[in-house]
Amino acid sequence: MTKGQVMTTLRTPTQLCDRGLISSDQRAALEAVTARYAVALPPALTKLIDRDDPADPIARQFVPDAAELDHRPEELVDPIGDEAHSPVEGIVHRYPDRVLFKLTHVCAVYCRFCFRREMIGPDKPNALSPQKVARALDYIRTHPEIWEVILTGGDPLILSARRLRAVMKELAAIDHVKVVRIHTRMPVADPERVSPELVRAMKIKGKATYVAVHVNHPRELTPQTRSACARMADAGIPLLSQTVLLAGVNDTSNVMTELMRALVECRIKPYYLHHGDLAPGTAHLRTDIATGQELIRSLRGRISGLCQPTYVLDIPGGHGKSPIGPTYIERVGSNGSAHTVVRDFNGQQHQYPPKAV
Ligand code: SF4
(Lines give C-alpha, C1' and ligand atoms only; values in the text may rest on other atoms or scores of the structure.)
Protein backbone atom coordinates (compact mmCIF):
# COMPACT_ATOMS: atom_id res chain seq x y z
CA MET A 1 0.00 0.00 0.00
CA THR A 2 1.34 3.45 -0.86
CA LYS A 3 1.49 6.27 1.67
CA GLY A 4 -1.82 8.09 1.98
CA GLN A 5 -3.86 5.20 0.53
CA VAL A 6 -6.93 4.50 2.65
CA MET A 7 -7.34 0.89 3.76
CA THR A 8 -10.60 -0.59 2.62
CA THR A 9 -12.21 -3.99 2.85
CA LEU A 10 -10.69 -6.31 0.24
CA ARG A 11 -13.23 -8.24 -1.81
CA THR A 12 -11.60 -9.43 -5.04
CA PRO A 13 -8.54 -11.50 -6.02
CA THR A 14 -7.09 -8.42 -7.73
CA GLN A 15 -7.32 -6.43 -4.48
CA LEU A 16 -5.82 -9.34 -2.53
CA CYS A 17 -3.00 -9.57 -5.05
CA ASP A 18 -2.36 -5.82 -4.98
CA ARG A 19 -2.00 -6.04 -1.21
CA GLY A 20 0.46 -8.94 -1.44
CA LEU A 21 -1.88 -11.47 0.16
CA ILE A 22 -1.93 -13.81 -2.85
CA SER A 23 0.44 -14.19 -5.77
CA SER A 24 -0.52 -13.25 -9.33
CA ASP A 25 -0.34 -16.99 -10.15
CA GLN A 26 -3.11 -17.67 -7.65
CA ARG A 27 -5.39 -14.95 -8.93
CA ALA A 28 -7.08 -16.88 -11.78
CA ALA A 29 -7.93 -19.91 -9.60
CA LEU A 30 -9.30 -17.65 -6.91
CA GLU A 31 -11.67 -15.92 -9.34
CA ALA A 32 -13.60 -19.22 -9.39
CA VAL A 33 -13.65 -19.33 -5.57
CA THR A 34 -14.86 -15.75 -5.22
CA ALA A 35 -17.53 -16.32 -7.88
CA ARG A 36 -19.04 -18.90 -5.54
CA TYR A 37 -18.25 -17.71 -2.01
CA ALA A 38 -18.24 -14.18 -0.62
CA VAL A 39 -14.91 -12.60 0.31
CA ALA A 40 -14.43 -9.64 2.64
CA LEU A 41 -11.22 -8.89 4.45
CA PRO A 42 -11.58 -5.73 6.55
CA PRO A 43 -8.57 -3.53 7.43
CA ALA A 44 -8.41 -4.71 11.05
CA LEU A 45 -7.72 -8.26 9.85
CA THR A 46 -5.62 -7.39 6.79
CA LYS A 47 -3.23 -5.60 9.15
CA LEU A 48 -2.90 -8.71 11.29
CA ILE A 49 -1.69 -10.99 8.48
CA ASP A 50 1.99 -11.85 8.39
CA ARG A 51 2.76 -11.93 4.66
CA ASP A 52 6.10 -13.64 5.33
CA ASP A 53 4.40 -16.64 6.90
CA PRO A 54 2.85 -18.95 4.27
CA ALA A 55 0.93 -20.72 7.07
CA ASP A 56 -0.27 -17.55 8.82
CA PRO A 57 -3.31 -18.53 10.95
CA ILE A 58 -5.14 -15.27 10.25
CA ALA A 59 -4.68 -15.55 6.47
CA ARG A 60 -5.78 -19.17 6.62
CA GLN A 61 -9.14 -18.15 8.05
CA PHE A 62 -9.96 -15.25 5.74
CA VAL A 63 -7.93 -15.28 2.51
CA PRO A 64 -9.65 -17.51 -0.10
CA ASP A 65 -7.86 -20.69 -1.11
CA ALA A 66 -8.15 -22.81 -4.26
CA ALA A 67 -8.79 -25.79 -1.94
CA GLU A 68 -12.31 -24.37 -1.46
CA LEU A 69 -13.17 -25.76 -4.89
CA ASP A 70 -12.50 -29.27 -3.58
CA HIS A 71 -15.97 -30.40 -2.56
CA ARG A 72 -16.19 -33.72 -0.71
CA PRO A 73 -19.15 -36.11 -1.00
CA GLU A 74 -19.89 -35.85 2.73
CA GLU A 75 -20.09 -32.04 2.64
CA LEU A 76 -23.50 -30.40 2.72
CA VAL A 77 -24.91 -27.11 1.46
CA ASP A 78 -26.77 -26.71 4.78
CA PRO A 79 -24.49 -28.71 7.11
CA ILE A 80 -26.36 -28.10 10.35
CA GLY A 81 -29.84 -28.42 8.83
CA ASP A 82 -31.18 -24.90 9.46
CA GLU A 83 -33.71 -25.23 6.64
CA ALA A 84 -35.36 -28.31 8.09
CA HIS A 85 -36.25 -26.34 11.23
CA SER A 86 -37.26 -23.02 9.70
CA PRO A 87 -41.01 -22.42 10.18
CA VAL A 88 -40.81 -18.88 8.74
CA GLU A 89 -38.01 -17.15 6.91
CA GLY A 90 -35.32 -15.88 9.30
CA ILE A 91 -36.27 -18.21 12.18
CA VAL A 92 -34.70 -21.56 13.04
CA HIS A 93 -36.63 -23.38 15.79
CA ARG A 94 -34.59 -26.50 16.50
CA TYR A 95 -34.73 -26.71 20.30
CA PRO A 96 -37.94 -26.25 22.31
CA ASP A 97 -37.09 -23.13 24.32
CA ARG A 98 -35.05 -21.05 21.89
CA VAL A 99 -34.89 -19.83 18.31
CA LEU A 100 -32.26 -18.44 16.01
CA PHE A 101 -33.31 -15.15 14.45
CA LYS A 102 -31.26 -14.50 11.32
CA LEU A 103 -31.65 -10.78 10.73
CA THR A 104 -29.08 -10.35 8.00
CA HIS A 105 -27.04 -12.37 5.54
CA VAL A 106 -24.13 -9.94 5.54
CA CYS A 107 -20.90 -10.08 7.58
CA ALA A 108 -17.97 -7.70 8.00
CA VAL A 109 -15.60 -10.60 7.20
CA TYR A 110 -16.30 -13.88 5.42
CA CYS A 111 -14.63 -16.78 7.21
CA ARG A 112 -13.48 -19.44 4.75
CA PHE A 113 -14.88 -22.25 6.94
CA CYS A 114 -18.32 -20.71 7.55
CA PHE A 115 -21.07 -23.30 7.93
CA ARG A 116 -23.57 -20.88 6.35
CA ARG A 117 -21.29 -20.00 3.44
CA GLU A 118 -23.89 -21.01 0.85
CA MET A 119 -26.49 -18.71 2.42
CA ILE A 120 -24.53 -15.58 3.30
CA GLY A 121 -22.88 -12.80 1.33
CA PRO A 122 -23.77 -9.37 0.00
CA ASP A 123 -25.22 -10.74 -3.24
CA LYS A 124 -27.48 -13.36 -1.65
CA PRO A 125 -31.12 -12.60 -2.45
CA ASN A 126 -32.57 -13.69 0.86
CA ALA A 127 -31.87 -10.75 3.19
CA LEU A 128 -34.83 -10.18 5.50
CA SER A 129 -37.20 -7.44 4.36
CA PRO A 130 -39.12 -5.42 7.02
CA GLN A 131 -42.19 -7.58 6.27
CA LYS A 132 -40.20 -10.77 6.85
CA VAL A 133 -38.76 -9.37 10.09
CA ALA A 134 -42.34 -8.63 11.20
CA ARG A 135 -43.41 -12.20 10.36
CA ALA A 136 -40.45 -13.62 12.27
CA LEU A 137 -41.33 -11.48 15.30
CA ASP A 138 -44.94 -12.68 15.03
CA TYR A 139 -43.70 -16.26 15.17
CA ILE A 140 -41.75 -15.52 18.38
CA ARG A 141 -44.73 -13.67 19.85
CA THR A 142 -47.11 -16.57 19.24
CA HIS A 143 -44.81 -19.26 20.66
CA PRO A 144 -44.77 -18.85 24.45
CA GLU A 145 -42.26 -21.67 24.86
CA ILE A 146 -39.53 -19.41 23.38
CA TRP A 147 -37.47 -18.28 26.36
CA GLU A 148 -34.33 -17.22 24.46
CA VAL A 149 -33.81 -15.54 21.08
CA ILE A 150 -30.39 -15.85 19.47
CA LEU A 151 -29.60 -13.13 16.94
CA THR A 152 -27.26 -14.57 14.36
CA GLY A 153 -26.79 -14.38 10.65
CA GLY A 154 -24.73 -13.12 8.98
CA ASP A 155 -23.53 -10.80 11.70
CA PRO A 156 -26.31 -8.98 13.59
CA LEU A 157 -23.86 -6.26 14.62
CA ILE A 158 -23.57 -5.20 10.97
CA LEU A 159 -26.96 -3.52 11.58
CA SER A 160 -27.04 0.15 12.50
CA ALA A 161 -27.70 0.96 16.15
CA ARG A 162 -31.13 2.27 15.08
CA ARG A 163 -32.14 -0.99 13.40
CA LEU A 164 -30.76 -3.17 16.17
CA ARG A 165 -32.51 -1.07 18.80
CA ALA A 166 -35.81 -1.40 16.93
CA VAL A 167 -35.57 -5.22 16.93
CA MET A 168 -34.46 -5.34 20.56
CA LYS A 169 -37.44 -3.17 21.57
CA GLU A 170 -39.81 -5.56 19.79
CA LEU A 171 -38.24 -8.47 21.66
CA ALA A 172 -38.41 -6.56 24.96
CA ALA A 173 -42.16 -6.30 24.55
CA ILE A 174 -42.60 -10.09 24.39
CA ASP A 175 -43.20 -11.31 27.93
CA HIS A 176 -42.05 -14.88 27.51
CA VAL A 177 -38.69 -13.92 25.93
CA LYS A 178 -36.30 -13.51 28.84
CA VAL A 179 -32.89 -13.71 27.19
CA VAL A 180 -31.48 -12.31 23.94
CA ARG A 181 -28.14 -13.67 22.83
CA ILE A 182 -26.17 -11.97 20.05
CA HIS A 183 -23.62 -14.02 18.11
CA THR A 184 -21.01 -11.85 16.44
CA ARG A 185 -17.55 -11.65 14.92
CA MET A 186 -17.68 -7.85 14.79
CA PRO A 187 -15.33 -7.14 17.74
CA VAL A 188 -12.64 -9.00 15.77
CA ALA A 189 -13.57 -7.93 12.23
CA ASP A 190 -14.30 -4.25 12.82
CA PRO A 191 -13.92 -3.37 16.49
CA GLU A 192 -14.68 0.33 16.09
CA ARG A 193 -18.13 -0.60 14.87
CA VAL A 194 -18.93 -1.85 18.36
CA SER A 195 -19.52 1.75 19.36
CA PRO A 196 -21.01 2.97 22.65
CA GLU A 197 -24.23 3.66 20.72
CA LEU A 198 -24.38 0.11 19.34
CA VAL A 199 -23.67 -1.29 22.82
CA ARG A 200 -26.54 0.77 24.24
CA ALA A 201 -28.81 -0.66 21.52
CA MET A 202 -27.98 -4.21 22.67
CA LYS A 203 -29.40 -3.65 26.14
CA ILE A 204 -33.10 -3.92 26.77
CA LYS A 205 -35.06 -3.29 29.90
CA GLY A 206 -36.21 -6.32 31.82
CA LYS A 207 -34.29 -8.87 29.72
CA ALA A 208 -30.79 -10.28 29.85
CA THR A 209 -28.56 -9.67 26.82
CA TYR A 210 -25.61 -12.00 26.31
CA VAL A 211 -23.03 -11.62 23.55
CA ALA A 212 -21.13 -14.61 22.14
CA VAL A 213 -17.95 -13.40 20.43
CA HIS A 214 -16.43 -15.60 17.74
CA VAL A 215 -12.61 -15.77 18.19
CA ASN A 216 -10.33 -18.49 16.84
CA HIS A 217 -6.77 -17.35 17.44
CA PRO A 218 -5.15 -15.33 20.24
CA ARG A 219 -3.76 -12.82 17.72
CA GLU A 220 -7.35 -11.80 16.93
CA LEU A 221 -7.56 -10.29 20.42
CA THR A 222 -5.85 -7.03 19.45
CA PRO A 223 -5.96 -3.99 21.75
CA GLN A 224 -8.85 -2.64 19.64
CA THR A 225 -10.78 -5.91 19.90
CA ARG A 226 -10.17 -6.04 23.64
CA SER A 227 -11.49 -2.47 23.95
CA ALA A 228 -14.62 -3.37 21.96
CA CYS A 229 -15.23 -6.31 24.31
CA ALA A 230 -14.57 -4.11 27.33
CA ARG A 231 -17.23 -1.65 26.11
CA MET A 232 -19.78 -4.46 26.23
CA ALA A 233 -18.55 -5.97 29.51
CA ASP A 234 -18.44 -2.53 31.18
CA ALA A 235 -22.04 -1.99 30.08
CA GLY A 236 -22.97 -5.09 32.08
CA ILE A 237 -23.32 -7.47 29.13
CA PRO A 238 -22.00 -10.97 29.95
CA LEU A 239 -19.64 -12.19 27.23
CA LEU A 240 -19.20 -15.76 25.99
CA SER A 241 -16.91 -17.10 23.29
CA GLN A 242 -17.33 -19.38 20.34
CA THR A 243 -14.29 -20.91 18.70
CA VAL A 244 -14.16 -23.16 15.66
CA LEU A 245 -11.48 -25.85 15.78
CA LEU A 246 -9.44 -25.31 12.61
CA ALA A 247 -6.48 -27.22 11.21
CA GLY A 248 -3.40 -25.03 11.04
CA VAL A 249 -5.06 -22.27 13.06
CA ASN A 250 -5.74 -23.42 16.61
CA ASP A 251 -5.33 -27.21 16.65
CA THR A 252 -2.41 -27.25 19.08
CA SER A 253 -2.50 -27.25 22.84
CA ASN A 254 -0.27 -24.16 23.08
CA VAL A 255 -2.43 -22.01 20.80
CA MET A 256 -5.68 -23.19 22.38
CA THR A 257 -4.31 -22.57 25.89
CA GLU A 258 -3.19 -19.07 24.95
CA LEU A 259 -6.55 -18.34 23.31
CA MET A 260 -8.71 -19.58 26.19
CA ARG A 261 -6.66 -17.71 28.77
CA ALA A 262 -6.71 -14.51 26.72
CA LEU A 263 -10.49 -14.76 26.42
CA VAL A 264 -10.92 -15.08 30.17
CA GLU A 265 -8.55 -12.15 30.70
CA CYS A 266 -10.92 -10.14 28.45
CA ARG A 267 -13.87 -11.18 30.67
CA ILE A 268 -15.15 -13.56 27.97
CA LYS A 269 -16.17 -16.97 29.32
CA PRO A 270 -15.15 -19.73 26.87
CA TYR A 271 -18.40 -21.37 25.84
CA TYR A 272 -18.23 -23.56 22.75
CA LEU A 273 -15.34 -25.11 20.83
CA HIS A 274 -17.09 -26.19 17.65
CA HIS A 275 -15.91 -29.12 15.62
CA GLY A 276 -15.63 -27.90 12.01
CA ASP A 277 -18.92 -28.39 10.16
CA LEU A 278 -19.17 -30.23 6.85
CA ALA A 279 -19.48 -27.00 4.86
CA PRO A 280 -18.56 -27.32 1.18
CA GLY A 281 -14.90 -26.78 0.32
CA THR A 282 -13.66 -26.72 3.91
CA ALA A 283 -11.94 -30.12 4.26
CA HIS A 284 -8.50 -28.45 4.35
CA LEU A 285 -9.55 -26.64 7.54
CA ARG A 286 -11.18 -29.52 9.39
CA THR A 287 -9.50 -31.77 11.95
CA ASP A 288 -10.70 -35.16 13.10
CA ILE A 289 -12.64 -35.54 16.34
CA ALA A 290 -9.77 -37.39 18.07
CA THR A 291 -7.60 -34.27 17.66
CA GLY A 292 -10.28 -32.15 19.31
CA GLN A 293 -10.68 -34.58 22.20
CA GLU A 294 -6.93 -34.68 22.79
CA LEU A 295 -6.85 -30.88 22.88
CA ILE A 296 -9.65 -30.74 25.41
CA ARG A 297 -7.88 -33.34 27.54
CA SER A 298 -4.71 -31.26 27.48
CA LEU A 299 -6.60 -28.11 28.53
CA ARG A 300 -8.25 -29.90 31.43
CA GLY A 301 -4.89 -30.77 32.93
CA ARG A 302 -3.22 -27.47 32.21
CA ILE A 303 -5.43 -24.47 32.76
CA SER A 304 -8.11 -23.05 35.03
CA GLY A 305 -11.64 -24.41 34.97
CA LEU A 306 -12.76 -20.95 33.89
CA CYS A 307 -10.88 -21.45 30.61
CA GLN A 308 -12.57 -24.72 29.59
CA PRO A 309 -14.91 -24.61 26.58
CA THR A 310 -17.38 -27.39 25.75
CA TYR A 311 -16.31 -29.23 22.60
CA VAL A 312 -19.43 -29.72 20.48
CA LEU A 313 -20.51 -31.17 17.16
CA ASP A 314 -23.55 -29.96 15.28
CA ILE A 315 -24.92 -33.26 14.08
CA PRO A 316 -25.42 -33.04 10.30
CA GLY A 317 -29.06 -33.04 9.24
CA GLY A 318 -30.30 -30.57 11.86
CA HIS A 319 -30.18 -32.86 14.90
CA GLY A 320 -28.60 -30.21 17.10
CA LYS A 321 -25.39 -29.96 19.10
CA SER A 322 -23.90 -32.71 21.20
CA PRO A 323 -20.87 -32.50 23.47
CA ILE A 324 -18.11 -34.70 22.03
CA GLY A 325 -15.30 -34.09 24.47
CA PRO A 326 -13.39 -36.97 26.06
CA THR A 327 -15.13 -38.96 28.74
CA TYR A 328 -13.52 -39.24 32.15
CA ILE A 329 -15.76 -41.86 33.64
CA GLU A 330 -16.48 -45.48 32.68
CA ARG A 331 -18.07 -48.57 34.11
CA VAL A 332 -15.69 -51.56 34.23
CA GLY A 333 -15.99 -55.18 35.30
CA SER A 334 -19.21 -57.16 35.26
CA ASN A 335 -21.95 -58.36 37.61
CA GLY A 336 -20.73 -58.30 41.21
CA SER A 337 -17.35 -56.77 40.33
CA ALA A 338 -18.75 -53.94 38.22
CA HIS A 339 -17.59 -50.54 39.40
CA THR A 340 -17.05 -46.97 38.22
CA VAL A 341 -13.63 -45.64 37.26
CA VAL A 342 -12.82 -41.94 36.96
CA ARG A 343 -9.79 -40.60 35.11
CA ASP A 344 -7.97 -37.58 36.65
CA PHE A 345 -6.30 -34.75 34.74
CA ASN A 346 -3.02 -36.72 34.59
CA GLY A 347 -4.78 -39.64 32.94
CA GLN A 348 -4.66 -41.85 36.04
CA GLN A 349 -7.69 -43.97 36.87
CA HIS A 350 -9.42 -44.09 40.27
CA GLN A 351 -12.20 -46.31 41.44
CA TYR A 352 -15.32 -44.49 42.65
CA PRO A 353 -16.35 -44.82 45.40
CA PRO A 354 -12.88 -45.92 46.61
CA LYS A 355 -12.59 -49.50 47.87
CA ALA A 356 -13.17 -49.72 51.61
CA VAL A 357 -9.88 -50.38 53.44
S1 SF4 B 1 -18.76 -14.05 10.71
FE2 SF4 B 1 -19.93 -15.91 11.22
S3 SF4 B 1 -21.60 -15.98 9.73
FE4 SF4 B 1 -20.07 -14.51 8.96
S5 SF4 B 1 -18.73 -15.69 7.63
FE6 SF4 B 1 -17.77 -15.74 9.66
S7 SF4 B 1 -18.57 -17.62 10.61
FE8 SF4 B 1 -19.92 -17.14 8.87
Side-chain angles (χ1 to χ4, degrees), residues 9-11 33-34 36-46 48-49 57-65 68 75-83 86 90-92 100-124 126-128 150-159 164 181-191 193-194 198 211-217 219-221 225 228-229 239-247 249-250 259 268 271-282 284-286 309 312-314 321:
T9 294
L10 309 178
R11 298 184 185 276
V33 175
T34 53
R36 172 130 193 207
Y37 302 117
V39 171
L41 191 48
L45 290 169
T46 303
L48 270 187
I49 294 173
I58 308 298
R60 217 170 144 65
Q61 293 183 71
F62 307 116
V63 175
D65 190 310
E68 293 173 50
E75 293 176 339
L76 302 161
V77 168
D78 178 15
I80 70 166
D82 279 355
E83 285 305 312
S86 183
I91 294 286
V92 177
L100 302 184
F101 188 1
K102 298 195 274 185
L103 283 166
T104 175
H105 296 81
V106 177
C107 301
V109 63
Y110 291 105
C111 312
R112 308 323 301 162
F113 49 86
C114 177
F115 63 106
R116 295 207 179 102
R117 61 188 332 215
E118 300 279 355
M119 279 78 96
I120 56 161
D123 55 350
K124 292 287 187 271
N126 42 357
L128 277 198
I150 300 164
L151 302 185
T152 181
D155 196 320
L157 295 192
I158 200 98
L159 300 181
L164 182 65
R181 192 185 339 153
I182 299 172
H183 280 213
T184 182
R185 195 115 165 84
M186 197 60 78
V188 168
D190 191 353
R193 208 174 167 116
V194 187
L198 194 69
V211 171
V213 187
H214 177 168
V215 190
N216 295 333
H217 192 277
R219 267 174 46 212
E220 292 170 36
L221 290 166
T225 294
C229 293
L239 303 179
L240 309 166
S241 72
Q242 296 199 95
T243 294
V244 181
L245 177 59
L246 295 167
V249 174
N250 56 20
L259 173 60
I268 304 172
Y271 181 39
Y272 279 146
L273 174 64
H274 295 273
H275 189 73
D277 292 306
L278 295 171
T282 61
H284 60 297
L285 291 167
R286 274 195 302 276
V312 291
L313 172 73
D314 256 297
K321 280 183 193 56

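As the structure lists them, so they are numbered: ligands from 1, and atoms in each ligand from 1. What you are looking at is a predicted structure, and each value in this text was computed from that prediction instead of being measured.
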TODO: Using a 4.5 Å cut-off on heavy atoms from C-beta on, say whether the side chain of Phe101 contacts that of Leu151.
DONE: yes
Task: Under-2.8 Å neighbours of atom 8 (Fe) of ligand 1, protein N/O/S atoms only - done: 1
Task: By ring-ring contact (aromatic ring centres under 6.0 Å, His included) - contacts of Tyr272 (at least two apart) - done: His274
Open item on the list: Restricting to ring-ring contact (aromatic ring centres under 6.0 Å, His included), what partner residues turn up for His214, sequence neighbours left out?
Closed with: Phe113
TODO: Take Gln242 and His183 through the test side-chain hydrogen bond (donor to acceptor under 3.5 Å, both in side chains) and record every step on the way to the result.
DONE: CA-CA 9 Å; Gln242 296 199 95; His183 280 213; 3.1 Å; yes
Task: Residues in side-chain hydrogen bond (donor to acceptor under 3.5 Å, both in side chains) contact with Thr34, at least two apart in sequence or another chain - done: none
Open item on the list: Counting non-hydrogen protein atoms only, what is the nearest one to atom 2 (Fe) of ligand 1? Give residue, atom name and distance.
Closed with: His214 ND1, 4.3 Å
Open item on the list: Keeping Arg116 on the side-chain end and Gly154 on the backbone end, is there a donor-acceptor pair under 3.5 Å?
Closed with: no
